[in-house]
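Quantities reported herein were computed from a predicted structural model and do not represent experimental measurements. Protein chains get the first letters and strands the later ones, always in sequence-line order, with residue 1 at the start of each.
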There are 2 protein chains.
Amino acid sequence: MAQSNGRRTSRRDIYLKLRQMVLTLELAPGAALSENELAASLGVSRTPVRESLIMLAQEGLVQVFPKIGSFVSRVDPAQVADAQFLREAVELAALEDLPAQLDPAVVEELRDNLERQRRADLGLEEFFALDEVFHQGLMRLSGHGNVWTTVAGAKGHLDRARRLGLHGHVSPAVFATQHHEIFEAVVGGDVPLARTAMRAHLRAVFHDIERIRAHSPELFAADASAVPVRRNIVVWE
Amino acid sequence: MAQSNGRRTSRRDIYLKLRQMVLTLELAPGAALSENELAASLGVSRTPVRESLIMLAQEGLVQVFPKIGSFVSRVDPAQVADAQFLREAVELAALEDLPAQLDPAVVEELRDNLERQRRADLGLEEFFALDEVFHQGLMRLSGHGNVWTTVAGAKGHLDRARRLGLHGHVSPAVFATQHHEIFEAVVGGDVPLARTAMRAHLRAVFHDIERIRAHSPELFAADASAVPVRRNIVVWE
DNA sequence: CGACAGATGCTTGTATACAAGTACTGCACG
DNA sequence: CGTGCAGTACTTGTATACAAGCATCTGTCG
């Protein structure tokens, strides 16, 4: 889904950097993004910055209003729900496609991943990175690793909502345990149990979001097509 | 997923036009796309053309090789299979989310759509348009209409493969009948039957593709990252 | 004091110029 | 006749200049 080849262009670097900043909430939902400011701060011209913003807009992470401004999109509850439905459908379907003999290399990789999730000093972003790799690894077991790319591209709003939910509150340990349960069911060949555990895990993540929405409604979109006001933007907290 | 607002920009027009041409095979897989040529023929500068190509590249419909050229991506069998898995997972899951009371407006719309699919003088592109609306309508019945946007964005390679398969060979009538079966099961509240019919329908579409791949292998990608050669490009047939 | 109007400064959209690099073409030479 | 090399014509990437439009601020007038 991403850019085809590995040629180093500043656009690619900027795109990845901005995307990361949006997903990790370093750029807060609703924040104004000026092409000129970004270009100046990154030491490049408007062109690669602008093209990066176009790509992010296509993913729904940024909104561009012609002649008005560009903004980090607020977390849209509808898109969060859509992404939840999508990932649940895909990940549950993948579990039913598991082969009789699992790829031992991937299994080992997953085991290693789970090990690291249990480390006590695990940071939040480190956990999210491991979480991402874990779920993609499960998809690879059934030969649908590349489908994860599409799912990952569609769940930007969901990811940001999760980060909002976890900031300072919930420990990742609960999710690590759920990951372990799913993994054990998979290697044990118990598909129904794996599905049950996966569904419970994904829904636990999802339900957590409503709580944070009540806590910080300004980060969520009331009307997705509304134009944010530039002056009242709060960059962080 | 698409551009946020409805402001008329030439970029948006060009993007939609090029996208349509790629999906309908008017621009053949493997064809070279020169930013300069496109800009000249469209009567605009490189900028909006280039930005459109970037968007299409992000969707996987176009490949851009820096300093080399831009090409309509060949149909990638792996991406076709991925899209098949994705849509099957999503559409089957949506059937299980159907409410007890279906939205009568959508039901009527679907009935109307099916009616038009039965017209004898139906053109190929007209059928595809109706097919698209039909499947999206089914998703709307379960409240997941917007998820279809993501699915539609991911199934570009699948759609092109289907068009290759249908060009001149199979009649859409078979698919129309299958659509009818699915619809009847849905309005009858028989979810298991609807799932069975849907699965059969989607797999029938999928299996048709292998046939055409044997027939026109040059339109399919052997190695997705390989650079097409510019001189041997056959624009159509 | 309030309201309206114009100017100003910002925004993104588009066009154009230049930079860097690839691939083919044609000629010279063995 | 084949091979190698240099030149040329093309490609996309980036920088910059200009165009068009919105929003806000400020000054003026009622």
Side-chain angles (χ1 to χ4, degrees), chain A residues 2-18 27 30-58 61-73 225-233 235, chain B residues 2-18 27 30-58 61-73 225-233 235:
Chain A
Q3 207 65 350
S4 42
N5 52 59
R7 288 277 192 284
R8 280 205 182 167
T9 63
S10 64
R11 178 175 87 229
R12 179 152 189 80
D13 293 344
I14 292 168
Y15 163 73
L16 291 174
K17 185 185 184 78
L18 288 178
L27 286 172
L33 298 174
S34 163
E35 295 178 0
N36 283 317
E37 282 183 23
L38 288 172
S41 81
L42 293 170
V44 295
S45 78
R46 267 183 65 203
T47 305
V49 171
R50 172 180 174 75
E51 291 173 349
S52 296
L53 289 182
I54 288 173
M55 294 172 72
L56 292 170
Q58 205 177 12
L61 295 178
V62 162
Q63 289 175 296
V64 178
F65 299 89
K67 315 300 176 69
I68 298 178
S70 302
F71 304 86
V72 178
S73 61
S225 65
V227 182
V229 282
R230 178 167 294 271
R231 62 169 178 275
N232 287 339
I233 295 300
V235 173
Chain B
Q3 206 65 349
S4 42
N5 51 58
R7 288 278 192 285
R8 282 204 183 166
T9 63
S10 64
R11 177 175 86 230
R12 180 155 190 76
D13 293 344
I14 292 168
Y15 163 72
L16 291 174
K17 185 187 184 77
L18 288 178
L27 287 171
L33 299 174
S34 163
E35 293 178 1
N36 282 318
E37 282 182 24
L38 287 173
S41 80
L42 292 169
V44 296
S45 77
R46 268 183 65 201
T47 306
V49 171
R50 172 181 173 76
E51 291 173 349
S52 296
L53 289 181
I54 289 173
M55 294 172 72
L56 291 170
Q58 205 177 13
L61 295 179
V62 162
Q63 289 176 294
V64 179
F65 299 89
K67 314 300 176 66
I68 297 178
S70 302
F71 304 86
V72 178
S73 60
S225 66
V227 181
V229 281
R230 178 167 293 271
R231 62 169 177 275
N232 288 339
I233 295 300
V235 173

Roughly how many Å is it from CD in B/Glu51 to C1' in C/dT16, rounded to a whole number?
14 Å

Test side chain to side chain contact (heavy atoms under 4.5 Å, CB included) on B/Val62 and B/Leu18 and set out the steps.
CA-CA 10 Å; B/Val62 162; B/Leu18 288 178; over 6 Å; no

For B/Lys17, what residues pass the side-chain contact (heavy atoms from CB on, under 4.5 Å) criterion, not counting sequence neighbours?
B/Met21, B/Leu42

B/Phe71 CZ to D/dT11 P, straight-line distance once rounded to whole Å:
10 Å

Report for the helix from C/dC1-D/dG30 to C/dG30-D/dC1: angle between first-end and last-end helix axes, five pairs each, rounded to 10 degrees.
10°

Under the side-chain contact (heavy atoms from CB on, under 4.5 Å) test, which residues partner B/Ser73, sequence neighbours left out?
B/Gln63, B/His157, B/Arg160

Using the side-chain heavy atoms of B/Pro66, tell me which of these nucleotides is nearest: D/dC22, D/dT12, C/dG13.
D/dT12

B/Ser45 vs C/dT14: side-chain N/O to OP1/OP2 distance below 4.0 Å:
no

DNA chain C: A/Thr47 or A/Leu53, which has the more 5' nearest nucleotide?
A/Leu53

B/Arg8 has an atom CZ; how far is it from atom C1' of D/dG21, in whole Å?
17 Å

Counting only side-chain nitrogens and oxygens, does A/Ser70 get under 4.0 Å of the OP1 or OP2 atom of C/dT11?
no

According to a strict under-4.0 Å criterion, is B/Asn36 in side-chain N/O contact with OP1 or OP2 of D/dC10?
no

Just how far, in rounded Å, is P of D/dT12 from CG of B/Leu33?
9 Å

Set out, in order, the CA-CA distance, both residues' side-chain angles and the distance that settles side chain to side chain contact (heavy atoms under 4.5 Å, CB included) for B/Leu33 and B/Val72, then state yes or no.
CA-CA 7 Å; B/Leu33 299 174; B/Val72 178; 3.7 Å; yes

Run the side-chain contact (heavy atoms from CB on, under 4.5 Å) test against A/Leu16 and tell me which residues pass, sequence neighbours left out.
A/Arg12

Point-to-point distance, once rounded to the nearest 0.5 Å, from CG of B/Leu38 to CG of B/Leu53
6.0 Å

Quick one: list whatever passes side-chain contact (heavy atoms from CB on, under 4.5 Å) with A/Asn36, sequence neighbours left out.
A/Ser34, A/Arg46

Would you indicate which nucleotide in C/dT11, D/dT14, C/dG13 comes nearest to any side-chain atom of A/Glu37?
C/dT11

Taking 4.0 Å as the cut-off, does a side-chain nitrogen or oxygen of A/Ser34 come that near to OP1 or OP2 on C/dT11?
yes

Qualifying residues under salt bridge (charged side-chain N to carboxylate O under 4.0 Å, His left out), relative to A/Arg50, sequence neighbours excluded
A/Glu35, B/Glu51

Taking N or O atoms only and anything under 3.5 Å, show me the protein contacts with nucleotides 17-19 of chain C, one pair per line.
none

Without decimals, in angstroms, what is the distance between B/Tyr15 OH and C/dT14 C1'?
20 Å

Rounding to an integer number of Å, can you tell me how far B/Leu38 CG sits from D/dT11 P?
10 Å

What is the distance, to the nearest angstrom, from the CD atom on A/Glu35 to the C1' atom on C/dT11?
8 Å

Do any N or O atoms from the side chain of A/Ser52 and from the backbone of A/Arg11 form a donor-acceptor pair under 3.5 angstrom?
yes

Nucleotide D/dT14, atom P - distance to CG of A/Leu42 in whole Å:
12 Å

